[in-house]
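Below is one structure, written out as structure tokens; the observations come after it.
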Amino acid sequence: MLLFASVADRAGTRRVELPYVAGDTVASIRARLLERFPQLAAAVPTLMYAINEEYARESDPVPAGATLAMIPPVSGG
Amino acid sequence: MLLFASVADRAGTRRVELPYVAGDTVASIRARLLERFPQLAAAVPTLMYAINEEYARESDPVPAGATLAMIPPVSGG
Amino acid sequence: MLIRVTPDELDTAEAIQAAGSPAAGAINVFLGVVRDNNLGRRVQYLEYDAYPSMAEKVMRELAVEAKERFALEDCAVLHRTGRLEIGEASLLIAVSCGHRAASFEAGHWLVNEIKKKVPVWKKEVWEDGEAWVEGPESLGIQQAPASMR
Amino acid sequence: MLIRVTPDELDTAEAIQAAGSPAAGAINVFLGVVRDNNLGRRVQYLEYDAYPSMAEKVMRELAVEAKERFALEDCAVLHRTGRLEIGEASLLIAVSCGHRAASFEAGHWLVNEIKKKVPVWKKEVWEDGEAWVEGPESLGIQQAPASMR
């Protein structure tokens with residue numbers, strides 16, 4: 001799983017390896033992430049998600065081998 | 001007097017020396033120009049004028065030594 | 001503020017540099033470039049005539065007005081004269097300001113005003129003739145094909 | 001079409017070249033540049049983070065949509081990452097089209113969409129602290145002054 005910007009800073013890492021199992025969704029994997037990094041809980045309400053570089057919903061299934069990314073509110077430009 | 005673009009082409013020159021006298025206006029000097037270059041008559045309805053690089057009206061007086069310019073519809077950019 | 005009428009190629013980097021400012025968050029650059037067609041005719045090249053000293057004066061007045069009206073940090077307005085080939089820039093405007101929306105508005109306003117007020121004229125040259133464009137969108141006064149003159 | 005997320009300085013001439021076309025009469029270029037202040041605070045420099053592969057994907061999708069929507073001839077969208085000093089360009093957009101009005105509209109639409117959708121983040125660094133900007137105009141999550149960490 002990829003973390004960026006403020007979320008990466010709070011977690012102290014930009015990359016987390018979490019095994020995905022059949023039936024996992026963005027939300028279920030996020031729950032496991034928060035067990036390891038409870039300090040990310042405050043960021044959850046503003047997060048968006050991407051599966052394989054495509055914006056995704058919390059309820060979307062995450063296929064095995066997919067790249068999941070936590071996307072804080074963007075501020076490019 | 002300065003001529004540009006289509007007006008200069010029709011007159012065959014970009015610069016005409018015409019003596020200005022006290023009381024001369026843009027219109028009176030233009031009348032003398034047309035005596036020398038009757039082929040410019042067709043352009044008159046679309047012309048604008050400048051006295052010393054400032055847009056001017058037909059009725060404006062032209063001071064001695066001033067530079068008068070005939071300005072066809074502009075098409076820069 | 002950089003204002004120039006010149007027969008030389010317009011330098012975008014120079015204009016951006018001139019228009020820049022530490023307080024600027026947005027720079028908008030507009031290039032008017034020579035298109036290979038106009039109103040359905042193939043254009044070979046353009047020839048620009050100008051009243052350079054007055055053109056610079058009017059460009060400066062418009063730049064000053066734009067700076068005031070859109071709270072610009074700075075701006076640059078350059079117009080080229082002489083023969084221009086397809087793809088070359090005839091007009092170059094660069095404006096800088098704090099935020100992006102005003103940079104787009106200022107650039108657009110400046111092009112429109114320049115096209116209305118600055119004493120510059122373009123002649124279109126086609127394969128079979130040429131014409132001065134009179135007014136921003138007209139086909140101009142058609143002249144006889146070059147081959148017949 | 002040129003799409004790129006890069007730590008290197010953005011090259012305006014390259015973008016204009018890439019966006020150009022013989023049928024283009026107007027090229028609009030937008031530069032987002034690092035401003036020395038934001039919401040009343042002095043900014044020393046910015047640090048941009050990105051999800052580069054996804055950012056390029058989203059930028060390309062937006063460029064394709066802009067090309068269609070505004071009948072662009074071509075366009076270029078580049079975003080820089082890493083540390084950027086005051087006056088340096090973080091975002092560079094160049095669009096070309098037949099006429100000027102659409103070039104301004106397309107450029108403006110693209111900046112707005114990019115700021116909403118492209119996974120890129122800026123951190124503002126001040127004399128006495130720093131913050132990730134979350135969302136386009138927010139002050140971000142304030143962190144303790146650097147001297148206290």
Side-chain angles (χ1 to χ4, degrees), chain A residues 1-18 20 24-27 29-30 32-34 36-77, chain D residues 5 10 30-35 38 46-62 77-81 84 89-93 107-108 110-124 130-144 149:
Chain A
M1 181 182 309
L2 305 178
L3 309 180
F4 298 98
S6 63
V7 175
D9 279 4
R10 288 177 185 198
T13 179
R14 298 176 61 79
R15 204 183 171 92
V16 180
E17 298 293 336
L18 283 176
Y20 308 164
D24 261 333
T25 60
V26 170
I29 296 169
R30 186 188 61 197
R32 286 211 292 285
L33 178 76
L34 290 178
R36 266 175 65 183
F37 301 98
Q39 68 271 36
L40 299 185
V44 165
T46 65
L47 279 185
M48 294 184 75
Y49 311 94
I51 300 170
N52 291 335
E53 306 174 357
E54 198 80 61
Y55 281 110
R57 298 167 197 275
E58 287 190 22
S59 55
D60 284 347
V62 182
T67 300
L68 180 61
M70 305 280 124
I71 311 280
V74 302
S75 56
Chain D
V5 172
L10 305 183
F30 177 82
L31 291 145
V33 293
V34 180
R35 206 171 54 227
N38 192 32
L46 296 183
E47 187 89 37
Y48 278 89
D49 191 12
Y51 183 1
S53 57
M54 181 174 169
E56 287 190 351
K57 186 166 176 280
V58 177
M59 281 157 53
R60 185 174 300 278
E61 287 164 0
L62 292 172
V77 180
L78 296 92
H79 206 302
R80 194 169 161 191
T81 56
L84 273 78
S90 51
L91 173 64
L92 170 54
I93 298 172
H108 202 170
L110 269 168
V111 197
N112 289 344
E113 292 297 308
I114 285 165
K115 284 181 167 269
K116 276 188 279 189
K117 295 181 180 164
V118 175
V120 173
W121 302 269
K122 63 164 78 70
K123 185 167 68 177
E124 290 184 6
E130 59 180 44
W132 286 103
V133 179
E134 307 244 303
E137 314 290 347
S138 99
L139 244 186
I141 300 149
Q142 293 216 11
Q143 298 185 356
R149 278 180 290 139

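Letters go in sequence order (proteins before strands), and every chain restarts at 1.
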Study note, to complete from the structure: Comparing D:Ala55, D:Ala89, D:Ser53, D:Gly32 against chain A, the one with the most heavy-atom pairs below 4.5 Å turns out to be D:Ser53
Would you say [X]'s side chain and [Y]'s backbone share a donor-acceptor pair under 3.5 angstrom?
X        : Y        : result
D:Thr81  : D:Ala50  : no
D:Asp49  : A:Phe4   : no
D:Trp121 : A:Pro72  : yes
D:Tyr48  : A:Gly77  : yes
D:Lys122 : D:Val133 : no

Against chain A, label [X] side chain, backbone, both or neither, depending on which of its atoms sit under 4.5 Å from a heavy atom there.
X        : answer
D:Val118 : backbone
D:Tyr51  : both
D:Glu61  : side chain

Review point. Measuring heavy-atom distances to chain D, does A:Leu2 have an atom under 4.5 Å in its side chain, in its backbone, in both, or in neither?
Key: side chain
